[in-house]
Amino acid sequence: MAVRLSPKAGIKADQAAADQPDGLPGLLLGWYDQHRRVLPWRFAPGEVADPYRVWLSEIMLQQTTVATVGPYFQNFLGRWPTVKDLAAADLDDVLRAWAGLGYYARARNLHKCAIVVASQHGGRFPDTEEGLLSLPGIGAYTAAAILAIAFDKPATAMDGNVERVMSRLRAVTDPLPASKPILRAHAAALVPARRPGDYTQALFDLGATICAPRKPRCILCPWTAACEARKQGIAEDLPAKTAKAPKPTRRALAFVLSDVRGLVALRRRPEKGLLGGMMEVPTTPWEAGPVPSLATARSHAPLPGVDWTLLPGSVRHTFTHFEFEIRVVVGRAAGAGGGADLLWVAPDALEAQALPTVMIKILRHALYQRADG
DNA sequence: GAGTCGTGGTG
DNA sequence: TCACCAAGACT
């Protein structure tokens with residue numbers, strides 16, 4: 001584990017200055033010592049880093065904003081303070097705690113990874129790239145981030161921030177993702193032998209607060225004098241990216257079924273694929289083309305013989321690679337329960353289920369539509 | 001290399 | 001409103 005060195009850590013100023021790298025890394029670290037963001041998973045200068053917290057935060061932060069992750073990280077750390085606690089948890093509890101955060105394969109891999117670390121590594125995370133890469137859910141970026149932040153090793157963590165900063169600093173105009181190798185080479189050449197963990201986090205802060213995707217604040221940047229894109233006036237145009245394919249729309253009819261007690265019928269999705277392992281409202285298949293009529297869709301209903309009512313309006317939700325439009329029908333089951341694969345849940349208990357956001361939207365539409373008008 | 005995989009914030 | 005983006009991994 002790494003103890004970070006900085007002037008605030010009680011080390012004499014001249015000693016800290018001698019410890020500071022030269023050139024661009026030194027400039028960035030000097031800026032970081034003054035402007036470093038305080039984040040729930042971040043360790044104070046001089047504090048011993050806990051690889052479990054570093055790992056947990058890095059998994060949550062994959063393609064997810066700092067603001068969104070904050071409460072989830074605190075909740076996970078409170079419920080499962082160590083990797084052994086998380087390994088001993090039920091997967092369904094982990095999925096429930098993850099609900100709303102998205103990319104649910106991360107939660108399944110998180111749990112798998114905790115079990116491997118607890119059972120095969122004595123509860124300690126590996127401190128080598130090879131060891132980390134062998135763990136589920138840890139790829140090139142996360143392995144490097146853990147090496148740098150948790151173990152203070154000079155690894156090159158390439159994420160969207162670093163790609164953007166490097167493309168601007170070196171004025172790389174070739175579009176992503178083809179330009180990844182050259183951007184990585186630029187980044188690797190700068191990682192200092194001293195304080196690589198702080199340097200890595202400093203680069204994240206720089207990308208988040210100064211070298212932002214839009215309207216970079218070059219005036220405040222510690223690297224402004226060296227930035228090639230700023231000199232050329234093209235900083236805001238970088239990094240270039242190849243055009244993305246347009247998003248198709250898929251549509252479906254959702255069946256919100258209640259029984260005589262008012263309990264709502266949910267079912268579990270398959271382990272793999274979209275929203276894998278999460279709970280859902282029964283729907284027709286999600287397909288291109290118009291929302292199927294109730295007559296056409298009846299064979300997909302969770303129970304036969306139910307009198308379905310089509311609600312006005314529709315629910316829209318955007319996934320990474322398609323738009324989703326849902327019409328909602330509501331119905332009342334004749335008795336209590338029924339349907340082998342159905343889980344009957346009281347409306348008050350819906351929040352405690354492993355329900356992805358799109359399903360929350362559908363349920364909200366069905367349960368409050370008439371009250372809201 | 002190209003798809004798949006969520007969600008919320010922002011200009 | 002809408003397109004883009006966020007501490008990517010996996011197949």
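Sequence lines set the chain letters: A, B, ... in the order given, protein chains first and strands last, and positions in each chain run from 1.
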- Query: For A/Thr142 and C/dA9, is the shortest distance between a side-chain N/O and OP1 or OP2 below 4.0 Å?
  - Reply: yes
- State whether the side chain of A/Arg268 and the backbone N or O of A/Gly277 hold a donor-acceptor pair below 3.5 Å, judged by distance alone. yes
- Query: When all nucleic acid strands are considered with a 4.0 Å heavy-atom cut-off, which category describes A/Gly273: base, sugar-phosphate, or nothing?
  - Reply: sugar-phosphate
- Message: Does A/Ala178 reach a base, just sugar-phosphate, or nothing at all? Heavy atoms under 4.0 Å.
- Response: nothing
- Query: Does A/His317 make a side-chain N or O approach to OP1 or OP2 of B/dT7 shorter than 4.0 Å?
  - Reply: yes
- Query: So, is A/Arg106 near the phosphate of B/dG6, with a side-chain N or O under 4.0 Å from OP1 or OP2?
  - Reply: no
- Message: Say we look at B/dG1 and C/dT11: how far apart would their C1' atoms be, to the nearest angstrom?
- Response: 12 Å
- A/Leu176 CG to C/dC5 P, in whole Å, measures 10 Å
- A/Trp80 side chain reached by A/Leu56 side chain, heavy atoms, under 4.5 Å: no
- Message: Taking the minimum atom-to-atom distance to the side chain of A/Pro356, which one of B/dT10, C/dC10, B/dT7 wins?
- Response: B/dT7
- Lys/Arg cation over aromatic A/Trp308: A/Arg327, 6.0 Å, 45° cone: no
- Item | Presence of A/Gln63 side-chain N/O under 4.0 Å of C/dG8 phosphate oxygens OP1/OP2 | yes
- Base, sugar-phosphate, or nothing for A/Pro177, non-hydrogen atoms under 4.0 angstrom? nothing
- Query: With a 4.0 Å cut-off on heavy atoms, is A/Arg108 in touch with a base, just the backbone sugar-phosphate, or nothing at all?
  - Reply: nothing
- Query: Reckon A/Tyr103 has a side-chain N or O less than 4.0 Å from the OP1 or OP2 of B/dT4?
  - Reply: no
- Query: A/Phe324 ring centre to A/Arg250 NZ or CZ under 6.0 Å, with the angle to the axis within 45°?
  - Reply: no
- Query: Base, sugar-phosphate, or nothing for A/Val162, non-hydrogen atoms under 4.0 angstrom?
  - Reply: nothing
- Query: How is A/Gly207 classified with respect to the nucleic acid when contacts are heavy atoms under 4.0 Å: base, sugar-phosphate, or nothing?
  - Reply: nothing
- Walk me through it: do A/Leu294 and A/Val329 pass the test side-chain contact (heavy atoms from CB on, under 4.5 Å)? CA-CA 8 Å; A/Leu294 192 45; A/Val329 297; 4.0 Å; yes
- Item | Length of the CZ-P vector between A/Arg316 and C/dC2, whole Å | 9 Å
- Just to confirm, is there a sub-4.0 Å distance from OP1 or OP2 of B/dG3 to any side-chain nitrogen or oxygen of A/His321? no
- Under 4.0 angstrom, heavy atoms only, what part of the nucleic acid is A/Trp55 near: base, sugar-phosphate, or nothing? nothing
- Note on the structure: Out of C/dC10, B/dC5, C/dA7, minimum distance to the side chain of A/Val66 belongs to C/dA7
- Message: Taking any heavy-atom pair under 4.0 Å as a contact, classify A/Ile146: base, sugar-phosphate, or nothing.
- Response: nothing
- Task: Could you tell me whether the phosphate oxygens of B/dT7, OP1 or OP2, come under 4.0 Å of any side-chain nitrogen or oxygen in A/Thr357?
- Result: yes
- Task: Give one of base, sugar-phosphate or nothing for A/Leu101, where a contact means two heavy atoms less than 4.0 Å apart.
- Result: base
